[in-house]
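Step one of this worksheet: look at the structure below.
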Amino acid sequence: MVERDERELVRTLAQLLGRRAAAQIGDDVATLDLESGRYAVTVDSQIAGVHFPGDLDAATLARRLLAVNLSDLAAAGIDPALEIFGLCTLAAPRDFDHRRFFAALGTAAETSGLVIVGGDLAACPTLTTTLTLIGHYGAGTRPLLRSRAREGDGLWLGGTIGESALGRHLLAAGARWTPGGAHLDGLPAGSWPGAESAIRRHLCPRPQMALGHWLAQRPRAAALDLSDGLALDLHRLLDASGVAAQLVAEELPIPTSVFDLAPQLDLEPLDLALSGGEDYVLLFALPEGEEPPADFQAHSIGRVVPGRGATLAQGGNWRQLPAVGWDHLVDSGP
(Lines give C-alpha, C1' and ligand atoms only; values in the text may rest on other atoms or scores of the structure.)
Protein backbone atom coordinates (compact mmCIF):
# COMPACT_ATOMS: atom_id res chain seq x y z
CA MET A 1 0.00 0.00 0.00
CA VAL A 2 1.27 3.46 -0.91
CA GLU A 3 0.00 6.41 1.10
CA ARG A 4 -1.59 9.10 -1.09
CA ASP A 5 -0.38 12.14 0.80
CA GLU A 6 1.70 13.28 3.77
CA ARG A 7 -1.29 13.46 6.10
CA GLU A 8 -2.14 9.82 5.42
CA LEU A 9 1.48 8.75 5.82
CA VAL A 10 1.75 10.48 9.21
CA ARG A 11 -1.33 8.60 10.42
CA THR A 12 0.25 5.36 9.22
CA LEU A 13 3.51 6.15 11.00
CA ALA A 14 1.64 6.71 14.26
CA GLN A 15 0.32 3.14 13.93
CA LEU A 16 3.54 1.49 12.80
CA LEU A 17 5.98 3.11 15.23
CA GLY A 18 4.15 2.21 18.42
CA ARG A 19 2.19 3.92 21.16
CA ARG A 20 5.07 5.95 22.62
CA ALA A 21 6.06 7.31 19.23
CA ALA A 22 2.47 8.11 18.32
CA ALA A 23 2.17 10.33 21.39
CA GLN A 24 4.94 12.57 20.02
CA ILE A 25 3.88 12.70 16.36
CA GLY A 26 1.88 15.74 15.24
CA ASP A 27 3.48 18.82 16.77
CA ASP A 28 6.44 20.76 15.45
CA VAL A 29 8.85 19.05 17.85
CA ALA A 30 9.16 16.03 20.08
CA THR A 31 9.26 16.90 23.79
CA LEU A 32 11.58 14.89 26.02
CA ASP A 33 11.33 15.00 29.81
CA LEU A 34 14.72 14.00 31.24
CA GLU A 35 16.24 14.25 34.70
CA SER A 36 18.24 17.27 33.57
CA GLY A 37 15.19 19.13 32.28
CA ARG A 38 12.66 19.35 29.46
CA TYR A 39 13.90 19.46 25.86
CA ALA A 40 12.45 20.00 22.40
CA VAL A 41 13.91 18.00 19.50
CA THR A 42 13.32 18.71 15.82
CA VAL A 43 14.80 17.65 12.49
CA ASP A 44 14.36 19.05 8.99
CA SER A 45 16.02 18.59 5.61
CA GLN A 46 16.79 20.74 2.60
CA ILE A 47 17.03 18.96 -0.77
CA ALA A 48 18.23 20.52 -4.02
CA GLY A 49 15.42 20.80 -6.54
CA VAL A 50 12.79 20.31 -3.85
CA HIS A 51 13.37 23.00 -1.22
CA PHE A 52 15.83 25.28 -3.03
CA PRO A 53 17.34 25.81 -6.49
CA GLY A 54 20.21 23.45 -7.19
CA ASP A 55 22.64 26.31 -7.89
CA LEU A 56 21.94 28.13 -4.62
CA ASP A 57 24.98 29.65 -2.91
CA ALA A 58 26.30 27.31 -0.20
CA ALA A 59 26.26 30.00 2.48
CA THR A 60 22.64 30.92 1.77
CA LEU A 61 21.72 27.24 1.95
CA ALA A 62 23.40 26.87 5.36
CA ARG A 63 21.54 29.84 6.79
CA ARG A 64 18.22 28.61 5.35
CA LEU A 65 18.74 25.15 6.83
CA LEU A 66 19.24 26.63 10.27
CA ALA A 67 16.33 29.07 9.98
CA VAL A 68 13.69 26.50 9.04
CA ASN A 69 14.74 24.27 11.92
CA LEU A 70 14.78 27.14 14.40
CA SER A 71 11.25 27.99 13.26
CA ASP A 72 10.08 24.62 14.61
CA LEU A 73 11.73 25.39 17.95
CA ALA A 74 10.03 28.81 17.91
CA ALA A 75 6.66 27.09 17.43
CA ALA A 76 7.46 24.90 20.44
CA GLY A 77 8.23 27.90 22.64
CA ILE A 78 11.78 27.05 23.67
CA ASP A 79 13.84 29.68 25.48
CA PRO A 80 16.14 31.29 22.86
CA ALA A 81 18.44 32.54 25.62
CA LEU A 82 19.42 28.97 26.50
CA GLU A 83 21.96 26.95 24.54
CA ILE A 84 20.75 24.86 21.59
CA PHE A 85 22.61 21.79 20.32
CA GLY A 86 22.67 20.57 16.74
CA LEU A 87 23.71 17.66 14.53
CA CYS A 88 24.25 18.37 10.83
CA THR A 89 24.29 15.87 7.99
CA LEU A 90 25.53 16.94 4.56
CA ALA A 91 25.42 14.71 1.47
CA ALA A 92 26.78 16.71 -1.44
CA PRO A 93 28.47 16.45 -4.85
CA ARG A 94 32.26 16.32 -4.61
CA ASP A 95 32.63 19.83 -6.07
CA PHE A 96 30.32 21.38 -3.45
CA ASP A 97 31.86 24.26 -1.46
CA HIS A 98 31.91 22.53 1.94
CA ARG A 99 34.08 25.20 3.52
CA ARG A 100 31.71 28.02 2.57
CA PHE A 101 28.69 26.04 3.81
CA PHE A 102 30.14 25.26 7.23
CA ALA A 103 31.65 28.72 7.71
CA ALA A 104 28.21 30.26 7.19
CA LEU A 105 26.52 27.64 9.37
CA GLY A 106 29.04 28.27 12.14
CA THR A 107 28.52 32.03 12.06
CA ALA A 108 24.73 31.74 12.00
CA ALA A 109 24.82 29.12 14.75
CA GLU A 110 26.91 31.32 17.02
CA THR A 111 24.47 34.20 16.54
CA SER A 112 21.57 31.89 17.43
CA GLY A 113 23.16 30.32 20.51
CA LEU A 114 23.58 27.00 18.71
CA VAL A 115 26.45 24.58 19.21
CA ILE A 116 27.03 22.02 16.44
CA VAL A 117 28.12 18.89 18.30
CA GLY A 118 28.33 16.38 15.45
CA GLY A 119 26.82 15.03 12.27
CA ASP A 120 27.73 13.09 9.15
CA LEU A 121 29.28 13.74 5.73
CA ALA A 122 28.79 11.84 2.48
CA ALA A 123 29.23 12.29 -1.25
CA CYS A 124 25.99 12.30 -3.22
CA PRO A 125 24.98 13.55 -6.68
CA THR A 126 21.90 15.29 -5.20
CA LEU A 127 22.70 17.90 -2.57
CA THR A 128 20.85 17.07 0.65
CA THR A 129 21.45 18.49 4.11
CA THR A 130 19.67 17.76 7.39
CA LEU A 131 19.84 19.48 10.76
CA THR A 132 18.67 18.09 14.10
CA LEU A 133 18.23 20.62 16.92
CA ILE A 134 17.77 20.14 20.66
CA GLY A 135 16.49 23.14 22.61
CA HIS A 136 15.65 23.80 26.29
CA TYR A 137 12.41 24.98 27.83
CA GLY A 138 13.06 27.71 30.32
CA ALA A 139 11.60 28.13 33.78
CA GLY A 140 7.97 29.27 33.74
CA THR A 141 7.30 27.94 30.25
CA ARG A 142 5.70 24.80 28.93
CA PRO A 143 5.68 23.33 25.44
CA LEU A 144 3.47 25.08 22.94
CA LEU A 145 1.03 22.62 21.36
CA ARG A 146 -1.42 22.68 18.50
CA SER A 147 -4.12 21.17 20.69
CA ARG A 148 -4.89 24.09 23.03
CA ALA A 149 -7.13 26.26 20.83
CA ARG A 150 -10.60 26.73 22.31
CA GLU A 151 -13.91 28.21 21.19
CA GLY A 152 -13.80 32.00 21.36
CA ASP A 153 -10.03 32.28 20.92
CA GLY A 154 -8.63 34.82 18.51
CA LEU A 155 -6.45 33.61 15.65
CA TRP A 156 -3.24 35.47 14.88
CA LEU A 157 -0.34 35.46 12.47
CA GLY A 158 3.14 36.55 13.50
CA GLY A 159 3.83 38.14 10.12
CA THR A 160 2.82 38.44 6.49
CA ILE A 161 2.03 35.53 4.18
CA GLY A 162 2.27 34.84 0.46
CA GLU A 163 5.56 36.63 -0.19
CA SER A 164 7.74 33.53 0.19
CA ALA A 165 5.62 31.57 -2.29
CA LEU A 166 5.88 34.51 -4.68
CA GLY A 167 9.66 34.38 -4.31
CA ARG A 168 9.66 30.66 -5.15
CA HIS A 169 7.68 31.32 -8.33
CA LEU A 170 10.00 34.18 -9.29
CA LEU A 171 12.98 31.84 -9.05
CA ALA A 172 11.13 29.27 -11.15
CA ALA A 173 10.39 32.00 -13.73
CA GLY A 174 14.09 32.81 -14.21
CA ALA A 175 15.24 35.05 -11.36
CA ARG A 176 18.51 34.06 -9.68
CA TRP A 177 20.05 34.57 -6.26
CA THR A 178 23.75 35.06 -5.55
CA PRO A 179 25.65 36.36 -2.52
CA GLY A 180 25.18 39.83 -4.00
CA GLY A 181 21.39 39.58 -4.05
CA ALA A 182 18.68 38.90 -6.61
CA HIS A 183 19.21 39.04 -10.36
CA LEU A 184 15.97 39.71 -12.23
CA ASP A 185 17.32 39.75 -15.79
CA GLY A 186 15.99 36.22 -16.37
CA LEU A 187 12.40 37.31 -15.76
CA PRO A 188 10.08 38.41 -18.59
CA ALA A 189 10.44 42.05 -19.59
CA GLY A 190 8.54 44.38 -17.30
CA SER A 191 8.58 46.02 -13.90
CA TRP A 192 9.23 43.80 -10.89
CA PRO A 193 9.08 46.04 -7.77
CA GLY A 194 9.40 44.00 -4.61
CA ALA A 195 10.74 40.93 -6.41
CA GLU A 196 14.07 40.91 -4.56
CA SER A 197 12.28 41.18 -1.21
CA ALA A 198 10.07 38.21 -2.11
CA ILE A 199 13.04 36.07 -3.17
CA ARG A 200 14.91 37.01 0.00
CA ARG A 201 11.86 36.11 2.07
CA HIS A 202 11.77 32.68 0.42
CA LEU A 203 15.46 31.86 0.72
CA CYS A 204 16.27 33.66 3.99
CA PRO A 205 13.39 33.11 6.46
CA ARG A 206 13.55 34.64 9.93
CA PRO A 207 12.29 32.35 12.72
CA GLN A 208 10.12 34.04 15.35
CA MET A 209 11.95 32.82 18.44
CA ALA A 210 10.96 35.68 20.76
CA LEU A 211 7.27 35.42 19.85
CA GLY A 212 7.27 31.67 20.43
CA HIS A 213 8.88 32.07 23.84
CA TRP A 214 6.33 34.75 24.78
CA LEU A 215 3.48 32.43 23.78
CA ALA A 216 4.94 29.58 25.84
CA GLN A 217 4.61 31.77 28.94
CA ARG A 218 0.87 32.28 28.41
CA PRO A 219 -1.44 30.08 30.51
CA ARG A 220 -3.24 28.92 27.37
CA ALA A 221 -1.96 29.36 23.82
CA ALA A 222 -1.85 27.10 20.76
CA ALA A 223 0.67 27.54 17.97
CA LEU A 224 2.52 26.10 15.00
CA ASP A 225 4.76 27.55 12.32
CA LEU A 226 3.53 28.03 8.76
CA SER A 227 5.64 25.89 6.49
CA ASP A 228 3.05 24.26 4.21
CA GLY A 229 0.54 27.12 3.78
CA LEU A 230 -2.00 28.86 6.00
CA ALA A 231 -4.98 26.74 4.91
CA LEU A 232 -3.26 23.39 5.46
CA ASP A 233 -1.47 24.33 8.68
CA LEU A 234 -4.63 25.94 10.08
CA HIS A 235 -6.47 22.65 9.59
CA ARG A 236 -3.68 20.87 11.46
CA LEU A 237 -4.17 23.20 14.43
CA LEU A 238 -7.96 22.86 14.28
CA ASP A 239 -7.86 19.06 13.99
CA ALA A 240 -5.53 18.81 16.97
CA SER A 241 -7.79 21.06 19.06
CA GLY A 242 -11.13 19.65 17.88
CA VAL A 243 -12.52 23.06 16.86
CA ALA A 244 -13.32 25.12 13.76
CA ALA A 245 -12.31 28.59 12.55
CA GLN A 246 -13.65 31.57 10.67
CA LEU A 247 -11.27 33.80 8.70
CA VAL A 248 -11.78 37.01 6.74
CA ALA A 249 -9.79 37.27 3.51
CA GLU A 250 -9.52 41.05 3.73
CA GLU A 251 -7.81 40.76 7.12
CA LEU A 252 -5.04 38.45 5.94
CA PRO A 253 -1.65 40.23 6.02
CA ILE A 254 -0.62 39.94 2.36
CA PRO A 255 2.18 42.30 1.22
CA THR A 256 1.45 44.76 -1.57
CA SER A 257 4.15 43.16 -3.71
CA VAL A 258 2.12 39.94 -3.86
CA PHE A 259 -0.86 41.80 -5.32
CA ASP A 260 1.41 43.70 -7.72
CA LEU A 261 3.53 40.81 -9.02
CA ALA A 262 1.38 37.68 -8.80
CA PRO A 263 -0.78 38.59 -11.83
CA GLN A 264 2.39 38.96 -13.95
CA LEU A 265 3.07 35.28 -13.23
CA ASP A 266 -0.58 34.27 -13.78
CA LEU A 267 -0.98 33.63 -10.06
CA GLU A 268 -3.75 34.57 -7.64
CA PRO A 269 -2.50 36.57 -4.61
CA LEU A 270 -5.00 34.93 -2.23
CA ASP A 271 -3.96 31.47 -3.40
CA LEU A 272 -0.32 32.28 -2.65
CA ALA A 273 -1.28 33.45 0.83
CA LEU A 274 -3.51 30.48 1.64
CA SER A 275 -1.59 27.58 0.12
CA GLY A 276 1.79 28.84 -1.11
CA GLY A 277 3.73 27.76 1.97
CA GLU A 278 7.14 28.44 3.52
CA ASP A 279 6.09 31.65 5.26
CA TYR A 280 7.78 30.54 8.51
CA VAL A 281 5.70 32.81 10.72
CA LEU A 282 3.74 31.57 13.71
CA LEU A 283 0.02 30.88 13.53
CA PHE A 284 -1.40 31.01 17.05
CA ALA A 285 -4.57 31.16 19.11
CA LEU A 286 -5.04 33.27 22.23
CA PRO A 287 -8.04 33.58 24.55
CA GLU A 288 -10.53 36.28 23.61
CA GLY A 289 -9.36 39.70 24.77
CA GLU A 290 -5.68 38.73 24.95
CA GLU A 291 -3.33 40.27 22.41
CA PRO A 292 0.40 39.89 21.73
CA PRO A 293 2.63 42.92 22.40
CA ALA A 294 2.72 45.42 19.56
CA ASP A 295 6.48 44.85 19.12
CA PHE A 296 5.73 41.47 17.53
CA GLN A 297 3.67 43.12 14.76
CA ALA A 298 1.19 40.23 14.78
CA HIS A 299 -2.04 40.31 12.80
CA SER A 300 -5.53 39.25 13.90
CA ILE A 301 -7.05 37.07 11.15
CA GLY A 302 -10.13 35.41 12.62
CA ARG A 303 -11.51 33.41 15.50
CA VAL A 304 -12.02 29.89 16.76
CA VAL A 305 -15.60 28.61 16.73
CA PRO A 306 -17.31 25.33 17.62
CA GLY A 307 -17.42 22.57 15.03
CA ARG A 308 -14.84 21.22 12.61
CA GLY A 309 -13.11 22.69 9.56
CA ALA A 310 -12.61 26.29 8.45
CA THR A 311 -14.61 28.90 6.57
CA LEU A 312 -13.40 32.03 4.81
CA ALA A 313 -15.31 35.26 4.18
CA GLN A 314 -14.39 37.16 1.03
CA GLY A 315 -16.37 40.20 -0.04
CA GLY A 316 -18.99 39.31 2.53
CA ASN A 317 -19.52 35.81 1.12
CA TRP A 318 -18.61 32.74 3.14
CA ARG A 319 -17.13 29.55 1.71
CA GLN A 320 -15.41 26.43 3.00
CA LEU A 321 -11.63 26.67 3.25
CA PRO A 322 -10.15 23.28 2.31
CA ALA A 323 -6.90 21.92 3.73
CA VAL A 324 -4.79 22.75 0.68
CA GLY A 325 -1.09 23.53 0.70
CA TRP A 326 2.33 22.01 0.14
CA ASP A 327 2.38 18.21 0.41
CA HIS A 328 5.79 16.56 0.42
CA LEU A 329 4.47 13.35 -1.16
CA VAL A 330 2.53 15.13 -3.92
CA ASP A 331 4.32 18.38 -4.78
CA SER A 332 7.80 18.68 -6.22
CA GLY A 333 10.43 21.24 -7.04
CA PRO A 334 10.87 24.92 -6.18
Side-chain angles (χ1 to χ4, degrees), residues 24 26-34 36-44 63-86 108-117 131-150 153-161 201 204-227 230 233-234 236-237 240-241 253 278-301 304:
Q24 295 284 357
D27 279 290
D28 290 275
V29 305
T31 301
L32 302 180
D33 288 305
L34 306 177
S36 55
R38 175 172 281 180
Y39 300 87
V41 183
T42 187
V43 61
D44 211 334
R63 290 189 287 266
R64 190 177 204 274
L65 174 69
L66 177 56
V68 300
N69 276 271
L70 286 175
S71 188
D72 279 340
L73 291 187
I78 67 109
D79 189 342
L82 299 178
E83 206 164 47
I84 302 168
F85 298 98
E110 186 173 354
T111 302
S112 305
L114 167 67
V115 179
I116 301 293
V117 295
L131 189 63
T132 300
L133 297 183
I134 305 171
H136 298 259
Y137 289 104
T141 64
R142 62 176 182 170
L144 275 174
L145 301 175
R146 304 175 182 187
S147 56
R148 294 200 181 113
R150 297 293 181 266
D153 285 358
L155 284 170
W156 298 78
L157 282 175
T160 60
I161 55 175
R201 174 72 181 273
C204 309
R206 302 179 65 179
Q208 299 187 307
M209 305 296 291
L211 174 57
H213 186 51
W214 180 85
L215 288 168
Q217 298 174 74
R218 310 274 67 77
R220 186 170 61 77
L224 50 63
D225 79 320
L226 291 188
S227 56
L230 173 61
D233 285 327
L234 172 62
R236 288 168 173 159
L237 185 145
S241 297
E278 298 202 285
D279 300 293
Y280 294 111
V281 298
L282 297 186
L283 166 67
F284 57 97
L286 287 174
E288 184 177 10
E290 188 170 355
E291 299 184 2
D295 289 349
F296 291 129
Q297 298 182 353
H299 305 266
S300 173
I301 62 167
V304 178

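Hydrogens, waters and symmetry mates play no part in the numbers below; they use all other heavy atoms, side chains included. When a residue number appears, it is its place in the shown sequence, counting from 1. Given the structure is predicted, the values throughout are model-derived calculations rather than measurements.
- Nearest heavy-atom pair, Val29 versus Thr42, reported as atom, atom and distance to 0.1 Å: CG1-CB, 3.9 Å.
- Of all heavy-atom pairs spanning Leu286 and Pro292, the tightest one is CD1-CD, 3.9 Å.
- Note that CZ of Phe296 is 9.5 Å distant from CG of Leu282, once rounded to the nearest 0.5 Å.
- Between the OG atom in Ser71 and the CE atom in Met209 there is a gap of 8.5 Å [rounded to 0.5 Å].
- Between the CG atom of Leu133 and the CZ atom of Phe85 there is a distance of 11.5 Å, given to the nearest 0.5 Å.
- Under a cut-off of 6.0 angstrom, the local environment of CD in Glu83 is crowded, with over 12 non-hydrogen atoms contributed by other residues, nucleotides or ligands.
- Here the side chain of Arg201 pairs no donor or acceptor atom with the backbone of Ile161 at under 3.5 angstrom.
- The two atoms that bring Val68 and Pro205 nearest to each other are CG1-CG, 4.1 Å, heavy atoms only.
- A side-chain contact (heavy atoms from CB on, under 4.5 Å) with Leu73 is found for exactly one of Ile134, Ile78, Asp225, namely Ile78.
- The number of heavy atoms from other shown groups lying within 6.0 Å of CD (Glu290) is above 12.
- Of all heavy-atom pairs between Ser112 and Leu66, the closest is OG-CD2, 3.9 Å.
- For the pair Asp33 and Arg38, the tightest heavy-atom approach, listed with the atom from each and the gap, is OD1-NE, 2.5 Å.
- Summarising the geometry, atom CG belonging to Leu215 is positioned 11.5 Å from atom CZ belonging to Arg148; distances are rounded to the nearest 0.5 Å.
- Contact record, Ala149 with Leu237: CB-CD2, 3.8 Å, taken as the closest heavy-atom pair.
- The backbone N or O of Tyr137 lies less than 3.5 Å from no partner atom in the side chain of Thr141, so there is not a single donor-acceptor pair.
- When atom types are taken as modelled, the side chain of Ser241 and the backbone of Arg146 share a donor-acceptor pair closer than 3.5 angstrom.
- The distance from atom CG of Leu211 to atom CZ of Phe284, rounded to the nearest 0.5 Å, is 5.0 Å.
- The backbone N or O of His136 sits nowhere less than 3.5 Å from a side-chain atom of Asp79 that would complete a donor-acceptor pair.
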Passes side chain to side chain contact (heavy atoms under 4.5 Å, CB included), Leu157 versus Asp279? Steps please. CA-CA 10 Å; Leu157 282 175; Asp279 300 293; over 6 Å; no

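- Between Arg220 and Asp153 there is a salt bridge, with a side-chain nitrogen of the basic residue lying less than 4.0 Å from a carboxylate oxygen of the acidic one.
- Checking side-chain atoms of Asp233 against main-chain N and O of Ser227 turns up a donor-acceptor pair under 3.5 Å.
- Note that the CG atom of Leu131 and the CG atom of Leu70 stand 8.0 Å from one another [nearest 0.5 Å].
- Side-chain contact between Thr160 and Val281 is absent, with no heavy-atom pair separated by less than 4.5 Å.
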